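The next block holds one structure in the form of structure tokens; read it before the comments.
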Amino acid sequence: MRNILVTGAAGQIGSRLRKLLKGVYPRIRWSDMRTPADLTADEEFVAADLSDYAQVERIVAGMDGIAHFGGYSIEGDWPTILHSNIVGCYNLFEAAHRGGVKRVVFASSNHAVGFYPRDKVIPVDVTVRPDSRYGISKAFGEALGSFYADKHGLSVTCLRIGNVGDAPIDRRRLSIWLKPEDLVQLVRIGLEHPDIRFEIFYGCSDNAAAWWDNANARRFGYRPQGRAEDFRAQAMAAEAKLPPDPIGERFQGGAFCSDEYDADKPR
Ligand code: 15L
């Protein structure tokens with residue numbers, strides 16, 4: 001893997017990756033709709049709107065692998081999700097296939113399976129249970145990945161990312177926290193491991209309270225270094241300041257589940 005495209009360069013995760021992936025591959029092309037404020041002279045950056053196929057084709061040209069972090073990263077209205085995450089993700093996979101790209105790592109999300117209850121530990125091969133239009137778009141991206149792997153032989157890794165940050169910020173994040181360096185491990189497995197055709201990994205660190213069975217990632221060599229329990233006291237102190245959310249607390253997706261929720265009302 002010599003030429004790598006990373007989309008979503010200006011986002012929260014992309015900004016961290018720009019530091020953590022420096023020097024890992026001979027050439028990294030970063031892309032986003034807007035130029036990252038802290039872009040340095042030694043970084044290659046090409047702006048693109050993912051909902052425009054011609055622009056996507058341009059950023060994908062000449063790349064061996066793609067880490068796709070671009071798109072809208074929280075719940076949004078339907079036009080926003082449709083353009084950024086549905087059309088954008090389709091364009092990305094289609095351009096990757098047509099452009100001869102070998103591997104794609106797709107930033108999926110825990111919200112593709114957010115309506116699983118918190119008392120259940122789920123493996124990667126469960127039926128999706130999206131908790132939002134955003135979660136639906138991530139399930140759609142996983143389906144695209146599966147299709148391009150099976151039909152066209154693209155190597156695809158979907159990361160159902162929990163919450164990336166320096167530390168877990170509340171009780172829910174004690175279960176789903178992902179240390180940025182552990183994310184880098186997962187991205188590198190997706191871009192480099194010789195045996196990947198289509199895989200789903202959970203994007204979480206070594207969390208004692210995890211809701212996800214991440215044996216599949218471990219099978220490919222993932223050895224997370226972050227331990228959410230090291231931050232339990234501070235996470236629970238922050239939790240105590242949050243307003244109660246009885247619906248969100250039942251489900252893994254938290255507030256993404258309680259937002260707009262009315263399933264308990266008679267129809
Ligand atoms: C996500 O998928 C979002 O991108 C991020 O902003 C967080 O909300 C995260 O999930 C989470 O569930 O904490």
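For clarity, every value in this text was computed on a predicted model and none was experimentally measured. When a ligand or atom number is given, it counts from 1 through the structure's own listing order.
Taking the six-membered ring where the residue is Trp, Phe256 and His111 present parallel rings, their angle staying beneath 30° rather than reaching 60°.
One finds no salt bridge joining Glu239 and Arg173 here, because no Lys/Arg side-chain nitrogen approaches an Asp/Glu carboxylate oxygen to under 4.0 Å. Using a cut-off of 4.0 Å between Lys/Arg side-chain N and Asp/Glu carboxylate O, Arg133 and Glu75 are scored as salt-bridged. A salt bridge links Asp166 to Arg16: at least one charged side-chain nitrogen sits closer than 4.0 Å to a carboxylate oxygen. Ion pairing of Arg250 with Asp264 is present here, as a side-chain N (NZ or NE/NH1/NH2) and a carboxylate O approach within less than 4.0 Å. Salt-bridge check for Arg98 with Glu94: passed, with a basic side-chain N closer than 4.0 Å to an acidic carboxylate O.
Remark: distances from the non-hydrogen atoms of Arg172 to ligand 1 include one below 4.0 Å.
Nearest protein heavy-atom contact of atom 7 (C) of ligand 1 is Asn163 ND2, 3.6 Å. Gly162 O, 3.4 Å is the protein heavy atom nearest to atom 9 (C) of ligand 1. Ranking the protein heavy atoms by distance from atom 10 (O) of ligand 1 puts His111 NE2, 3.1 Å first.
Between atom CG of residue Leu159 and atom OH of residue Tyr222 there is a gap of 9.0 Å, rounded to the nearest 0.5 Å.
Distances below 4.0 Å separate heavy atoms of Ile74 from the following atoms of ligand 1: 6 (O). Applying the 4.0 Å criterion to heavy atoms of Phe256 picks out, from ligand 1, the atoms 8 (O). Below 4.0 Å from some heavy atom of Ser73 lie the following atoms of ligand 1, by number and element: 3 (C), 4 (O), 6 (O). Residue Ser109 approaches ligand 1 through these ligand atoms, each under 4.0 Å from one of its heavy atoms: 1 (C), 2 (O).
The part of Asn110 lying near ligand 1 is the side chain, judged by heavy-atom distances below 4.0 Å. Contact annotation for Gln12 and ligand 1: no heavy atom of the residue comes within less than 4.0 Å of the ligand.
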